[in-house]
Peer 1: 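So that we are looking at the same thing, I have put the structure below in structure tokens.
All values reported here derive from a predicted model rather than from experimental measurement. Sequence lines set the chain letters: A, B, ... in the order given, protein chains first and strands last, and positions in each chain run from 1.
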There are 2 protein chains.
Amino acid sequence: MKRNSRLSLALHTLGHMAVDPDKTQTSAQIAGHAGTNPVVVRRVLGKLRDAGLLTAEKGHSGGWRLARQPDAITLADVYLALDESIVAPARAEDAPTCSVEHVLQRKVATILEEVEHNLVERLAATSLSEIQRH
Amino acid sequence: MKRNSRLSLALHTLGHMAVDPDKTQTSAQIAGHAGTNPVVVRRVLGKLRDAGLLTAEKGHSGGWRLARQPDAITLADVYLALDESIVAPARAEDAPTCSVEHVLQRKVATILEEVEHNLVERLAATSLSEIQRH
DNA sequence: TCTTATGTAACTTTTCGTGTTGCATTTATC
DNA sequence: GATAAATGCAACACGAAAAGTTACATAAGA
């Protein structure tokens, strides 16, 4: 699997679920289809579960399925559930060493925050039901 | 130094140069001030030199200085010179495995490209001379 | 000619995401 | 109840990428 592929894995899985929302899939099945490991799948989908996008049933005949209708899950929901923060560095604000440094840094940081916000807005405009129109 | 700090290092250095554009600084001086290594400094500033933002003089009394006036260097110039591509993954388009997967993926990819473009636009609105107003 | 600077290649170290193993827990089925 | 099949989670191994380091060639002023 390639780097920072959590979003890819999530979209791939959710895409299939949106096509056939009544089918429950196990981590092993999903992993097989995505070419990765069941534990990795549980790690990623676990975040989606915590965000209320998926439900996970334990035990026999358990597995994963959508917690809502596809049209009620936007790409922003997925993105935010994964704590991706592609743009803004999710920074652990380090000590301001010298004043000159941080004038430009803060300018850039502000712009990145605005752009991050803009990204989420755009992602919110598309839901999983988009997949059904193709 | 922290991860992906090339932009930080570049901004820090350019910030100081914008305050005092007549002073030539060596890699060692810059590295000392930025808490890193002279070779790392040359690697990062070398990209800014290639982009025409800085000049580097070899030999005795050599060093780095701005190649243009501070107001003629925007944050976008710096960002682009470093090949950062924070938002869009600068992707080596991998093989489209299954069709369902790539509907959502492409949607996201398109949004990321738009957002990346938007980022550069915003960065272009600020120049290094901003530092002189503080 | 010597000193001081950049330019660059090669290697090491660090960091972080992914992959893997192992086991506890839960739940349907026999 | 026992068993099989699933998730939950912790701990460790692996690998790639960025940063740091060493070494040396090259250039230019003193």
Peer 1: What parts of residues 18-32 of chain A reach DNA chain D, counting only heavy atoms under 4.0 Å away?
Peer 2: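 Those residues whose heavy atoms fall under 4.0 Å from DNA chain D, taken from residues 18-32 of chain A in numerical order, are Thr26(A), Ser27(A).
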Peer 1: Does dA6(D) have OP1 or OP2 under 4.0 Å away from a side-chain N or O of Ser61(A)?
Peer 2: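 Checking dA6(D) against Ser61(A), no side-chain N or O comes under 4.0 Å of OP1 or OP2.
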Peer 1: Is there any salt bridge (Lys or Arg N to Asp or Glu O under 4.0 Å) pair reaching into residues 52-76 of chain B, and which pairs are they, with sequence neighbours excluded?
Peer 2: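 The answer is Arg68(B)-Asp77(B).
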Peer 1: Select from Gly62(A) and Glu57(B) the residue whose nearest nucleotide in DNA chain D is closer to the 5' end of that strand.
Peer 2: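 Going by which nucleotide is closer to the 5' end, it is Gly62(A).
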Peer 1: What residues form a ring pair (Phe, Tyr, Trp, His ring centres under 6.0 Å) with His33(A), not counting sequence neighbours?
Peer 2: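 For His33(A), the residues satisfying ring pair (Phe, Tyr, Trp, His ring centres under 6.0 Å) (neighbours in sequence not counted) are His12(A), His16(A).
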Peer 1: Please compare Val44(A) and His60(A) by the position of their nearest nucleotide in DNA chain C and report the one closer to 5'.
Peer 2: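 This one resolves to Val44(A).
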Peer 1: Below 3.5 Å is the cut-off: list the nitrogen or oxygen pairs between protein and nucleotides 8-12 of chain D, distance only.
Peer 2:
from   : atom 1 : to       : atom 2 : distance (Å)
dG8(D) : OP1    : Arg49(A) : NH1    : 2.4
dG8(D) : OP2    : Arg49(A) : NH1    : 2.7
dG8(D) : N7     : Arg42(A) : NE     : 3.4

Peer 1: Is the shortest heavy-atom distance from the side chain of Pro21(B) to the side chain of Gln69(B) under 4.5 Å?
Peer 2: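 They are not in side-chain contact.
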Peer 1: Whole angstrom is fine here: how far is it from CG in Leu82(B) over to P in dA18(D)?
Peer 2: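 Result: 13 Å.
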Peer 1: Rounded to the nearest angstrom, tell me the gap between atom CD in Glu84(A) and atom P in dG17(C).
Peer 2: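 Glu84(A) atom CD is separated from dG17(C) atom P by 10 Å.
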Peer 1: Can you tell me the distance, in whole Å, between the CG atom of Leu45(B) and the P atom of dA19(D)?
Peer 2: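 In whole Å, dA19(D) P lies 13 Å from Leu45(B) CG.
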Peer 1: Between the main-chain N or O of Thr110(A) and the side-chain N or O of Glu113(A), is there a donor-acceptor pair closer than 3.5 Å?
Peer 2: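 Judged by distance alone, no pair lies under 3.5 Å.
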Peer 1: Taking CG from Asp83(B) and C1' from dA18(D), how many angstroms apart are they, rounded to a whole number?
Peer 2: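 My rounded result for the distance is 15 Å.
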Peer 1: Group every Ile, Leu, Val, Met, Phe, Trp and Tyr by side-chain heavy-atom contacts under 4.5 Å, then state whether Leu82(B) and Tyr79(B) land in the same group.
Peer 2: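 Shared cluster, yes.
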Peer 1: Could you check whether any side-chain N or O of Glu116(B) sits under 3.5 Å from a backbone N or O of Val87(B), counting only pairs where one atom can act as donor and the other as acceptor?
Peer 2: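 Yes, Glu116(B) side chain to Val87(B) backbone: donor-acceptor pair under 3.5 Å.
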Peer 1: Determine all donor-acceptor pairs shorter than 3.5 Å in which one atom belongs to a side chain in residues 42-56 of chain A; sequence neighbours excluded.
Peer 2:
none

Peer 1: What is the distance from NZ of Lys47(B) to P of dA18(D), rounded to the nearest Å?
Peer 2: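 Spelled out: NZ on Lys47(B) to P on dA18(D) is 9 Å.
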Peer 1: From CG of Asn37(A) over to P of dT7(D), roughly how many Å is that when rounded to an integer?
Peer 2: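 Going from Asn37(A) (CG) to dT7(D) (P), I get 12 Å.
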Peer 1: So, is Thr36(A) close to the dT18(C) phosphate, meaning a side-chain N or O under 4.0 Å from OP1 or OP2?
Peer 2: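 No, Thr36(A) has no side-chain N/O under 4.0 Å of OP1/OP2 on dT18(C).
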Peer 1: Starting at CZ of Arg6(B) and ending at P of dG20(D), how long is that distance when rounded to a whole Å?
Peer 2: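 Distance, rounded to whole Å: 12 Å.
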Peer 1: Using the side-chain hydrogen bond (donor to acceptor under 3.5 Å, both in side chains) rule, take Trp64(B) and Ser27(B) through it: C-alpha gap first, then chi angles, then the decisive distance, then the call.
Peer 2: CA-CA 7 Å; Trp64(B) 301 86; Ser27(B) 304; 3.0 Å; yes
Peer 1: Taking only residues two or more places apart in sequence or in another chain, which ones pass side-chain hydrogen bond (donor to acceptor under 3.5 Å, both in side chains) with Thr13(B)?
Peer 2: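 For Thr13(B) there are no side-chain hydrogen bond (donor to acceptor under 3.5 Å, both in side chains) partners, ignoring immediate neighbours.
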